[in-house]
Amino acid sequence: MKRGDRRDVVRGGGVVALLAARGARTHRRAWAAVFAALALGSLLLGTLGLAAGSAALGHARVERYAGADAVVAGTQSTRYTAKPWGSEARTVRAGLMERVRVPARALDVVRQVPGVRAAVADVAFPVTVRGSAATGRPWGATRLASAPTRLLEGQPPSGAREIVVGEGVARVGDRLSIAYGTASATDTYTVTGVSADARRTVHFSRDEAHRLAERAGRAGELDAIGVLADSGVPDAVLRTRVRDALDAAQLRDVSAPHRADDDPAPLRVLTGDARGEAEFLAAAPARMPLLQVLASLASVVVLVGVLVVTSTVAQALRQRARELALLRAVGATPWQLRRAVGREVGRIAVLAAAVGAVGAVPAYLALRALLVGRGAVPEGLELPFPPWLAAAPLGTAGLMVLIAWLTALGCCARAARTRPAEALREEEPGRARQLTGCVLLGLGAASAGAGALQHGAAAAAAASASALTMVIGCALLGPWLARGAMRVLGAPMRRLGVGGRLAASACTANAARLGAAITPVVLVTAFVLVQLAGGATLGHEAAAQARDAARADVAVSGHGVPYDAVERIRRLPGVAAATAVAHGTVVVPGKELGEPSLERLPVLGVTAHQLARTLDPAVREGSTDGLRPGTVAVGTERARTLGVRPGDHVQLRFGDGSEARLRVVATYERALALGDFLFSYEELTRHMSVPPPVRVLAALAPGASPMSLSTAFPGARVERDPVPERVRAEDQALGEVLTAVAVTAIGGFTVIAVLSTLTLISVGRGPELRQLRLAGADRRRLRRMLLLESAATATAGLSLGTAAAALPLLAFALSAAGRLPWLPPGQGALIVAVVVLTTASATLLPALGALRGSYPVAAR
């Protein structure tokens, strides 16, 4: 390169730096909005990135087996293999919520493994002590903890009628009556020791613990086997040896004979953090839903962030269109213009993204505390936060900088490529933009139609995609939609005096400006409506169905109620009907959009005798009178999806992995409240690892009193007008918390967009307002004009946003709930209030300077 050329390059670089520095100082107000949007985007994405990273590293807490080197446990998952359309077979997995046990003969196999110092069998079973629920365990299993249970007084149990209880339950020498197996089976035990263990644990001798476990229906089964290794044996070596020994003995977990052919059930050998999975069964299955919800939320935030950042950067540069055109006209090269704008935006973006990244760490800690406090994270799930994970927000910050930089280059592309002589000429939105917007609206409508044919998560995903597509289409069609809105709003505005005529004329003459102001309002309205109304519609309909299904006068529950209580209650005077109810889960294999899927669903088990008198599922076909082991009742929507009717068969898997082919005896309407499947009480509870506390719904004869129930079961709790029965999805609390976070994030983003867009528009209208003052318009008329303009913006934005959300919501609500969309009035009023206050303040406050003081008349 020649010396003169180098001087020109250096001189050009200096011009670029000067233009960028002067632009950043001169347009501080415009860049403040961009800074806020980028900082919020970086904060939200950094927070979600930290949450996703922590969830990916999550594991079950190791407590009960912290002193064991390895744990042998059953396979707490089920898998399903199917062939998608035009592809090879794929396998999906789902966690099981009921304990899958280990055959007792595996204990002898593990003891013979070289390097194993001891193998300790652990069993747990429910017992009742003085009317309170507790867990029975063998005393020998306490050595598997990191620190053996400490006796405060007394000695360990050695005989068949000796126990150790927690501090405060009883004293050494006391005799306690322990109910086990079923609450009607009771034995008396002598307290030989008091431990520092939890109050809800009762320790028995080894033989007695195994006897009571057999009485609970678990003969020849163990919860887990704790393995203690010889000194110097690495965990990896121990795991391999135990694994090989179990495979050589051809041992599988106890559910293996009842599993599907494509669902093997080998025994697992757990070491390290995985040992906690043998204790906290819900922890491992909760990780994947948590990651999926976080990924979905992050995608929404990214899309909304792109729209908002693009809008704010574009509006900031649009206000400088004449300045950029003038620079081009006086000789600035396209390269200089693009570099100047890119450097100017880059300075703001880097600082804003860095601020957001720094704030992501405390924001994540606050989010995790909120999730734990609301019960959205299951018990025992650890979410680690190693120091190196704190660097994750730097990646999301870089993403926000890239978005801002590309947006800036795109916005100044026209000024950069236009010839200097034509740079000052205004350009109307082109046909390509109009056509693209119409195509996106059509795609959004098609996606909503497809969602109406789906069920569950697929319908929700289709509704979200439809809303997003239609919002982007509305953003592209902003100027044309603004003109259409003013055709509707212009006539009534002109009847409101001089201020109304001025407002109508200003909005009509500046359709592009009004379209830019409407777009963020449409964004906030559509997204928030879809997020809030979707869940609210399902919750409202489920609550209504639960109220309609509730027919019982009283409910009897508590650990003092025996497991055969339903038969005894039916025989009591004044009781017209009684139904035992149990909550559980099943896993349904199938295909979703051609891909294999395993859907875990909450279900109910009930006793069928006179069910409609206590819990009416609104039977549509068939009868629940035939509900017994081997049969099932199916919700109408699920039956439609599966293509079954009474007399057909469905194949599913229970919470312990056992597969069953059940005959359908009825279909019913109230599936949102009672679940998609109703089982007989015996069928569901036989697949549960711990029998649930008994809850019996009873209908009383006219004039009967519930006092007979209280006297028949002194330790029971008798509820008059009991809370309606309703199944709840395991991730419902997680969804509620993260939906609130999503709505807050989207609301914050779009409020920034509304404020920045309208503020920049109002700032750019300063000369227009001053000319109106000089022409004789007083402050009152101008304030009225600005208020009416903000009202028109809010009205048009709310109407278009509601229209963009209405079609996806309608399709989702009709598909998932069979009713029109519903939103709590308070939430709807809050959306309107936020939009109205934001548009009014962003329109009026920047114009105060032009409205102050007394202007000289034109003659002066």
Side-chain angles (χ1 to χ4, degrees), residues 535-558 561 565-570 572 574-585 601-625 627 632-638 665-681 684-685 692-710 712-713 716-729 732-733 736 816-819 822 824:
T537 301
L538 291 180
H540 185 70
E541 180 62 19
Q545 290 185 9
R547 289 192 300 269
D548 293 339
R551 302 296 176 84
D553 300 302
V554 295
V556 183
S557 60
V561 182
V566 63
E567 296 296 335
R568 294 167 58 180
I569 289 175
R570 284 178 185 151
L572 292 175
V575 175
T579 300
V581 180
H583 291 251
T585 60
L601 300 172
V603 295
L604 289 181
V606 296
T607 50
H609 182 65
Q610 295 183 314
L611 176 63
R613 300 193 64 176
T614 56
L615 189 66
D616 184 10
V619 173
R620 183 175 180 179
E621 291 183 290
S623 172
T624 56
D625 292 341
L627 198 60
V632 66
V634 186
T636 51
E637 285 301 316
R638 179 66 63 172
V665 296
T667 60
Y668 56 92
E669 294 286 350
R670 294 174 180 147
L672 282 178
L674 306 182
D676 284 336
F677 297 96
L678 274 178
F679 299 89
S680 71
Y681 186 87
L684 186 63
T685 55
V694 177
R695 178 176 171 85
V696 179
L697 304 176
L700 302 180
S705 171
M707 291 300 297
S708 59
L709 298 173
S710 301
F713 305 102
R717 182 164 58 96
V718 179
E719 306 171 58
R720 299 192 184 195
D721 297 323
V723 176
E725 290 290 336
R726 180 179 168 185
V727 298
R728 295 187 182 275
Q732 181 172 333
E736 291 173 351
R819 57 161 296 153
W822 183 84

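Keep in mind it's a predicted model, so treat the numbers as computed, not measured.
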| Would you say the side chain of Thr585 lies within less than 4.5 Å of the side chain of Leu601, judging by non-hydrogen atoms? | no
| Within a radius of less than 6.0 Å around CZ of Arg819, do more than 12 heavy atoms belonging to other residues, nucleotides or ligands occur? | yes
| query | Looking only at heavy atoms, what is the nearest atom pair of Ala546 and Pro724, with distance? | reply | O-CB, 3.4 Å
| field | Distance-minimising heavy-atom pair for Gln610 and Ala576 | value | OE1-O, 3.0 Å
| field | Rounded distance (nearest 0.5 Å) linking atom OG1 of Thr607 with atom CD of Glu567 | value | 8.0 Å
| query | Atom CZ in Arg620, atom OG1 in Thr667: separation rounded to 0.5 Å? | reply | 6.5 Å
| task | Nearest 0.5 Å please: distance from the CG atom of Leu611 over to the OG atom of Ser680. | result | 11.5 Å
| note | Taken to the nearest 0.5 Å, the spacing of Asp616 CG from Gln545 CD works out to 11.5 Å
| With a 4.5 Å heavy-atom cut-off, do Leu604 and His583 have their side chains touching? | yes
| said: I want to check something: taking the side chain as every heavy atom from C-beta on, are Tyr681 and Val694 in contact at a cut-off of under 4.5 Å? | reply: yes
| Distance, nearest 0.5 Å, that separates OH of Tyr668 from CG of Leu678 | 4.0 Å
| If only atom types and distance count, is the side chain of Asp553 paired as donor or acceptor with the main-chain N or O of Leu700 below 3.5 Å? | yes
| request: State, yes or no, whether a side-chain contact exists between His609 and Val566 at a heavy-atom distance under 4.5 Å. | output: no
| Gap between atom OG1 of Thr579 and atom CZ of Arg570 - 0.5 Å precision | 6.5 Å
| said: As a test of understanding, state which of Thr636, Leu615, Val619, Asp548 forms a side chain to side chain contact (heavy atoms under 4.5 Å, CB included) with Arg670. | reply: Asp548
